[in-house]
Protein chains: 2
Amino acid sequence: MNPRRKKNTRAATLADVGRAAGVSAMAASAALNETRTSARISPETRAKILEAAEKLGYRPNVAARALVKRRMNTIGVSVVWYGSELNVYFIEVLNGIIEAATHFNQNTTVFTFHNWKDDIDRVGAVCDGRIDGMILLAPVYSSELAARLPLHTPFVALHANVEAEGVVNIESDEERGAHDIVEKLVELGHRRIMHISGPRGLLGAERRVRGYRAALLEGGIEPDPDLLISSNFTAIDGKKVMLEWLDAHARPNIPDAIFCANDAAALGVLEALASRGIRVPGDVSLCGFDDTISSRTTVPQLATVRQPLRDMGGKAVDILMQRIEAIHGGGPDFTHSPVVFDTSVILRDSVIPMPSAQQNIAPDLNSR
Amino acid sequence: MNPRRKKNTRAATLADVGRAAGVSAMAASAALNETRTSARISPETRAKILEAAEKLGYRPNVAARALVKRRMNTIGVSVVWYGSELNVYFIEVLNGIIEAATHFNQNTTVFTFHNWKDDIDRVGAVCDGRIDGMILLAPVYSSELAARLPLHTPFVALHANVEAEGVVNIESDEERGAHDIVEKLVELGHRRIMHISGPRGLLGAERRVRGYRAALLEGGIEPDPDLLISSNFTAIDGKKVMLEWLDAHARPNIPDAIFCANDAAALGVLEALASRGIRVPGDVSLCGFDDTISSRTTVPQLATVRQPLRDMGGKAVDILMQRIEAIHGGGPDFTHSPVVFDTSVILRDSVIPMPSAQQNIAPDLNSR
DNA sequence: CTGAAAGCGCTTACAG
DNA sequence: CTGAAAGCGCTTACAG
C-alpha cells in the first residue's frame with residue numbers, strides 16, 4: 001500500500017491470497033477451508049491458491065472468523081490467587097484442562113482474580129466474545145453473585161464452594177478421602193492426630209474436617225479441639241500456624257501425626273517442624289491432601305490423598321464443550337448433576353507406624 | 001431462571017444499546033468509550049446510554065473490536081512439556097508473567113508444544129490475530145527455524161537456547177552463578193566436586209558447566225571427567241544417572257560434594273543418595289540451581305543458586321509490551337540486547353564444610 | 001457538533 | 001458451478 005517501507009509487516013489476508021492466485025477472496029476461503037462448496041474449485045485453481053497461501057504465510061485472522069462464526073475456540077479458566085503464589089493444585093488442574101482443550105482444538109486463557117466476591121463482575125466482564133465458555137476453579141461466592149454470571153456463556157465449576165444454578169460442578173469425594181487417610185493413621189497406632197484445616201466454612205474444608213472427625217470417632221478417639229487448627233490452604237500460613245502451635249505447647253505434647261487439608265499446607269508444616277528439629281517421620285508422621293507434584297518433591301515424600309486433579313480438569317473441559325456445542329446447536333444435551341471423582345490414599349515415607357508400637361527397632365531404621 | 005428457557009440468549013450489541021437509549025450505535029460507542037469525541041454527547045443522553053448498557057448487560061464484543069483495532073490485548077506464552085509434567089521452573093516464571101500481564105490489562109494464553117523443533121510451525125500458526133505478542137519459554141530450536149516466526153508478531157524469549165534475530169532474550173548470569181556456588185564449595189574444603197549437568201549443547205547447560213570448571217581451576221583443582229555427568233534437568237533422570245554412577249564406583253570414591261544443574265535434578269540425586277544410605281550433608285554436600293519452591297521443601301533444605309524467575313517473567317512482559325506498543329505506533333523504542341539478571345548463591349543445610357576439616361565434631365551436630 | 005458511511009477480515013446465503 | 005453482496009459488531013474518518 002504505502003510505498004514507504006513500513007516497519008510492521010502486516011499479516012496476509014484472504015484478499016491477498018486471492019489476488020496472488022488470481023481468484024476472489026471467497027474462492028480462496030472455500031479452497032482453504034475445504035468446505036462442502038469447495039468441490040467446485042478446480043484442482044489446479046485450488047493448488048494455486050494453496051501455493052499462494054503458503055508463500056504469503058497466510059493465517060486466517062481469528063478475530064474476523066470469530067466475529068462471523070460467533071465462536072472463538074477458546075475456553076476461559078478463572079482462578080483466584082491467594083497471596084501472590086500460584087499454587088500447585090492449580091497447576092495440576094490446568095494441566096488437565098490444557099491437555100483436554102488441545103484435544104478439542106481449543107485454546108485456554110487464564111483469568112486471575114483477587115477475590116471471588118468482589119471480582120464476580122470481572123468474571124462476567126470477560127464473557128465478551130473472547131471465550132466460548134468458562135471453567136471456574138474452586139470458586140467461592142454467594143448464589144446471588146453467581147446469578148449475575150452472563151446467561152449467554154456456559155459455565156462449569158470445579159471444586160465449587162457454593163452451588164450455582166445451572167452450573168455443573170466437578171468434585172471429588174473429599175470427605176471419604178480425609179476419612180480414609182486418618183483411619184490409616186489410627187490403624188498405624190497414632191492417637192494424638194492433629195488436623196490443619198482449610199478456612200472453616202468452605203465446603204472443601206468442612207468435608208475434610210468431617211472425614212477427619214468421623215475416622216477418629218470410629219477409632220474410639222475423642223476429637224481434641226486443641227488438635228484442630230484452621231489455616232488457609234497455603235504453605236506460608238501452614239508454616240505460621242504450626243509454629244504458633246509449637247510455641248504454645250511443650251515439646252512432649254507434640255502430636256503423633258498431622259493431617260493437613262492440602263499438600264501446600266503440609267509443605268509449610270514440614271518447614272516449621274524442620275526448623276524446630278522435629279523429624280518427619282521419626283518424631284511425627286505427616287500427610288497432606290491432593291497428591292500434587294510437591295508431595296513427591298519433598299524429602300521425605302509426603303503421604304497424601306489423591307484426587308485425580310488432572311482428570312478432573314479434563315472432565316471439566318469435556319462437559320464445557322458439550323454445553324458449548326449444545327448452545328451452538330447440534331450437540332447432544334448435557335447433565336446438570338455434579339460429577340464426583342473417587343479419592344484414594346497414597347502412603348509415602350512421611351508416615352510410619354507409631355514408634356512406640358515398635359520401640360525395639362533402632363530409630364535409624366525407621367527412615368530406611 | 002428464565003421460564004421461557006430461551007437457550008440461545010444472545011449478548012447485547014451496541015446497536016441494542018443505542019436502540020434502547022434512542023440514539024445511534026455510534027453515539028453509544030462514543031459515550032461508552034469516553035473517547036475525545038464523546039464530549040459532544042450531552043450529559044443526559046450519555047446517562048441514558050450508560051443506563052441502557054447497564055440494564056442490557058452490554059459488553060463490547062472483543063472480536064469485533066480486535067478486528068478494527070488490530071489488537072487482542074492478549075499475550076501468548078509458548079512452552080514445551082517434557083514428558084507430561086509441568087515443572088516448577090515453569091510455574092515460577094508463569095507466575096511473574098501473569099502478574100505483569102494483569103498489570104497491563106492483558107490476558108495471557110498458554111500454548112503447549114511437545115517439541116520445539118517440530119512444532120515451531122505451530123508456534124507461528126498461533127500468530128493469527130489471537131495474540132498481540134509472544135513469550136517463548138526456554139526455547140530450543142535452530143536459527144533457521146527461528147527465522148520462520150511470523151514477522152508481524154513481536155517475540156520475546158526467556159532462557160533461550162539459541163539466538164534468533166530480532167528476538168530479545170531474558171536471561172540470568174548462569175555461568176557466574178555456577179561459578180560462585182562451586183567456588184563456595186571449594187572454600188569449604190571440598191575437592192572432589194561432581195557436576196550433574198543439563199543436556200550438553202544447550203546454552204544454559206554449557207554455561208553452568210563453564211562456571212563449574214572455572215571455579216575448580218581457580219581453586220587449583222583439575223576437573224575430573226569422571227565427575228562430570230550429563231543429565232536432562234529432571235528429577236527422574238537425575239536419580240537415574242546418580243544411581244548408575246554409584247553402581248560403577250566403590251563407596252570410598254564418592255565425591256565430597258555434588259553440584260546439580262538445577263533443583264529438579266538435585267531432588268532426584270537426593271533420593272538416589274538416600275536409597276544407598278549416603279547422608280546429605282554428612283557424607284556428601286549437595287546443591288542445585290534455580291531456587292524453586294522445591295529447594296525449600298527438602299530435608300535438608302537445598303543450597304542453590306537463585307535466579308529471580310518471577311522477575312524475569314515480569315520483565316519479559318515489560319519488554320514485549322514495549323514492542324507491541326512500538327508496532328502499534330506511539331510507544332518508545334525498545335532494545336534488542338539481551339537482558340541479564342544477576343544470580344546469587346543461597347546456602348542451606350545441604351552444604352557443610354568438608355568434614356575432614358572439622359573431624360572432631362560429632363556428626364549429629366552438623367545437621368543442627 | 002452531528003450522523004451516515006466505510007471498513008477491519010472473514011463466511012454465508014444468494015443471485016446469475 | 002461461479003462471483004457479488006451482505007453481514008458479524010465494532011471504530012474511524014469523513015461529509016454535512
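Letters go in sequence order (proteins before strands), and every chain restarts at 1.
- Taking a pair as Watson-Crick or G-U wobble with both distances under 3.5 Å, the runs of three or more consecutive pairs in DNA chain C are C:1-3 with D:14-16, C:5-12 with D:5-12, C:14-16 with D:1-3.
- The closest side-chain heavy-atom distance from B:Thr13 to B:Asn61 is not below 4.5 Å.
- For residues 126-133 of chain A, proximity to DNA chain C is found at no residue, defined as any non-hydrogen atom under 4.0 angstrom from a strand atom.
- With contacts defined as side-chain heavy-atom distances shorter than 4.5 Å, the pair B:Thr102/B:Glu99 does not qualify.
- Side-chain atoms of B:Arg65 and B:Asn73 include no donor-acceptor pair closer than 3.5 Å.
- Rounded to an integer number of Å, the gap from B:Met26 CE to C:dA4 P is 11 Å.
- Regarding A:Arg71, its CZ atom lies at a distance of 17 Å from the C1' atom of C:dC10, rounded to whole Å.
- Using a 4.5 Å heavy-atom cutoff, the side chains of A:Ile97 and A:Ile75 are in contact.
- B:His103 places none of its side-chain heavy atoms less than 4.5 Å from the side chain of B:Val317.
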Below 3.5 Å between N/O atoms, which protein atoms pair up with nucleotides 7-9 of chain D? Just atom names and distances, please.
unit_1	atom_1	unit_2	atom_2	d
D:dC8	O3'	A:Arg70	NH2	3.1
D:dG9	OP1	A:Arg70	NH1	3.2
D:dG9	OP1	A:Arg70	NH2	2.8
D:dG9	N2	B:Ala64	O	3.3

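- The closest donor-acceptor contact from the side chain of B:Asp119 to the backbone of B:His114 lies under 3.5 Å.
- Looking at A:Arg130, its side chain never comes within 3.5 Å of a backbone N or O of A:Met72 through a donor-acceptor pair.
- Screening A:Arg70, A:Arg71, A:Lys69 for a salt bridge (charged side-chain N to carboxylate O under 4.0 Å, His left out) with A:Asp132, the sole residue that qualifies is A:Arg71.
- Under 4.0 angstrom from either OP1 or OP2 of C:dT11 there lies at least one side-chain N or O belonging to A:Ser29.
- Distance check, rounded to the nearest 0.5 Å: OG of B:Ser78 to CD1 of B:Ile131 gives 7.0 Å.
- In this structure, the CG atom of A:Leu32 is 10 Å from the P atom of C:dC10, given to the nearest Å.
- Salt bridge absent: A:Asp318 and A:Lys315 never bring a charged side-chain N and a carboxylate O closer than 4.0 Å.
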